[in-house]
Amino acid sequence: MGDTIAYVRFARYAVPLAAPVSDAKVATGRQWPLSQIDVLTCEIGTRDGLLGLGFSYTTRAGTPAQFAHVREVGESLLGQDPSGIGKVYDTLLWAGASVGRSGVATQALAAVDVALWDVKARRAGLPLAKLLGSYRDSVRAYNTSGGYLQAPLDEVKERAAQSLAGGIGGIKIKVGQPDMKEDLRRLAAVRQHLGDGVPLMVDANQQWDRPSALRFGRAVEDFGLVWIEEPLDAYDAEGHAQLAAALDTPIATGEMLSSVAEHVRLIGAVDVIQPDVPRVGGITPYLKVAALADHAHTQVAPHFVMEIHVHLAAAFPRESWVEHIEWLAPLFEERMRIEGGRMAVPDRPGLGLSLAGRARDWLLDDVEFHGTGR
């Protein structure tokens with residue numbers, strides 16, 4: 001008989017940011033400044049003694065609902081084959097099918113799915129990227145955390161320079177303020193500060209309507225941007241496709257979508273698709289999105305959680321970018337290694353992560369299941 005799941009622990013943490021940050025949604029009154037990241041972790045232990053770690057996250061709201069969902073369905077993991085990831089995923093998906101196959105339910109399952117992939121890679125003694133079939137041992141990395149809208153322009157420029165000096169390969173800044181002229185002023189100043197050779201992206205966080213996004217895109221064509229991110233509502237696939245066709249600057253979007261089905265309309269319509277493992281429901285659905293994107297010759301640049309996405313980007317045929325945001329780093333013992341504009345894939349088995357001892361300071365709730373299941 002093969003190995004089985006003998007232990008599961010779910011925990012909910014609130015990881016504080018060093019200082020609150022604001023994007024276009026805050027600048028226009030739709031959200032409040034972000035001061036912490038709420039994280040749902042899943043630890044899975046097997047009868048053979050393997051241990052896997054996975055996690056999901058939310059910003060501002062949602063993790064209590066995720067925790068409630070896995071608390072209800074999590075015991076059904078006991079006794080299952082941890083290598084049968086697809087079967088386990090479907091079992092949990094259909095256990096909660098009455099509340100849908102996207103959104104909170106699947107984002108909760110993402111923590112389980114990531115933990116199962118971690119177990120599988122650890123069993124093989126390989127980093128996850130190697131298990132998936134990596135194309136490279138490092139990926140291009142750009143920084144976002146230094147470019148938020150609450151920061152004065154001089155601070156944005158200084159932090160961009162610090163990121164580049166620390167080995168980061170590109171810089172992304174936030175745009176989407178009520179006055180587009182201020183966005184253009186800040187962008188021009190950052191481009192001048194960095195020089196034409198530094199890869200530079202902007203992110204509007206769904207701020208504009210279609211005419212405004214087109215005006216901005218035309219105004220910045222000469223800046224040589226790597227992409228304009230989320231210029232429109234996340235679900236406006238038609239509008240994003242129109243922008244991509246009208247502009248030379250690439251259009252990127254997809255981070256807010258929470259199912260494979262929601263990504264399908266964007267694949268082939270925009271230049272860069274940005275799935276997020278925790279939001280789309282785990283590594284299993286992420287790989288489906290990536291395969292569809294590769295078939296359509298669409299670039300993939302995953303959103304946030306660099307600790308997971310460094311592996312997946314390394315295993316994608318088309319060289320792209322991974323987003324460097326250090327907000328979750330305090331939760332883990334290990335650190336990502338960055339130099340020469342690139343983020344190295346950890347050489348440790350699995351994700352190469354373990355929870356830091358100080359994580360207990362941010363613990364809000366946890367639940368454990370032991371045994372062989374029902």
Side-chain angles (χ1 to χ4, degrees), residues 3-5 7-12 39-46 50-58 62-63 65-67 69-97 99-124 126-129 131-132 255 257-263 275-292 302-313 315-316 328 349-353 355 369:
D3 197 8
T4 58
I5 297 173
Y7 164 79
V8 183
R9 176 179 182 262
F10 295 104
R12 184 164 64 94
V39 179
L40 173 69
T41 63
C42 175
E43 295 172 84
I44 290 178
T46 77
L50 292 169
L51 182 66
L53 173 63
F55 64 94
S56 185
Y57 76 94
T58 61
T63 302
Q66 291 183 358
F67 182 78
H69 188 72
V70 294
R71 186 168 192 160
E72 186 172 10
V73 304
E75 191 175 3
S76 63
L77 286 163
L78 297 176
Q80 296 207 51
D81 177 2
S83 294
I85 298 175
K87 180 180 179 181
V88 173
Y89 193 90
D90 282 352
T91 298
L92 295 179
L93 185 69
W94 286 103
V99 294
R101 287 180 283 166
S102 65
V104 168
T106 49
Q107 290 170 8
L109 300 188
V112 177
D113 187 73
V114 172
L116 290 171
W117 279 101
D118 192 39
V119 168
K120 190 168 187 176
R122 289 177 188 239
R123 187 187 305 279
L126 295 171
L128 178 61
L131 180 75
L132 295 173
E255 70 182 63
L257 305 183
S258 60
S259 71
V260 176
E262 291 170 353
H263 282 82
D276 178 311
V277 161
R279 284 184 176 163
V280 79
I283 291 171
T284 298
Y286 177 100
L287 292 175
K288 295 178 182 178
V289 172
L292 291 168
H303 167 258
F304 194 35
V305 289
M306 60 186 179
E307 295 86 356
I308 298 173
H309 290 143
V310 64
H311 292 274
L312 301 180
F316 189 68
L328 297 183
L351 292 174
L353 297 174
L355 289 174
F369 300 106

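- Between Val280 and Ser259, every side-chain heavy-atom pair lies at or beyond the 4.5 Å cut-off.
- Closest of all the heavy-atom pairs between Pro285 and Asp113 is CD-OD2, 4.4 Å.
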Practice task
Start with the C-alpha distance between Thr63 and Val39, add both sets of side-chain angles, then the distance that settles side chain to side chain contact (heavy atoms under 4.5 Å, CB included), and finish with yes or no.
Solution key: CA-CA 7 Å; Thr63 302; Val39 179; over 6 Å; no

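- In this structure the side chain of Leu355 reaches within 4.5 angstrom of the side chain of Leu53, judged on heavy atoms.
- Here Lys120 contributes atom NZ and Ile283 contributes atom CD1; the two are 11.0 Å apart, rounded to the nearest 0.5 Å.
- Each of Thr106, Val88, Val73 was checked for a side chain to side chain contact (heavy atoms under 4.5 Å, CB included) with Leu93, and the lone residue meeting it is Thr106.
- At least one side-chain heavy atom of Leu77 sits less than 4.5 Å from a side-chain heavy atom of Val112.
- No close placement of the His309 and Phe304 rings is indicated, their centers lying 6.0 Å or farther apart.
- Looking only at side-chain heavy atoms (C-beta outward), Glu43 and Val8 stay at 4.5 Å or farther from each other.
- In this structure, the side chains of Pro127 and His311 come closer than 4.5 Å at one or more pairs of heavy atoms.
- Put simply, the side chain of Phe55 reaches to within 4.5 Å of the side chain of Leu353, judged on heavy atoms.
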Problem - Worked verdict on Tyr7 versus Arg9 for side chain to side chain contact (heavy atoms under 4.5 Å, CB included) - result: CA-CA 7 Å; Tyr7 164 79; Arg9 176 179 182 262; 3.2 Å; yes

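- The minimum heavy-atom distance between Ala315 and Leu132, with the atom names listed, is CB-CB, 3.8 Å.
- In this structure, the side chains of His303 and Pro275 stay at 4.5 Å or more apart for every pair of heavy atoms.
- How far CG of Leu128 is from CH2 of Trp117: 7.5 Å, rounded to the nearest 0.5 Å.
- No side-chain heavy atom of Thr41 sits under 4.5 Å from any side-chain heavy atom of Phe10.
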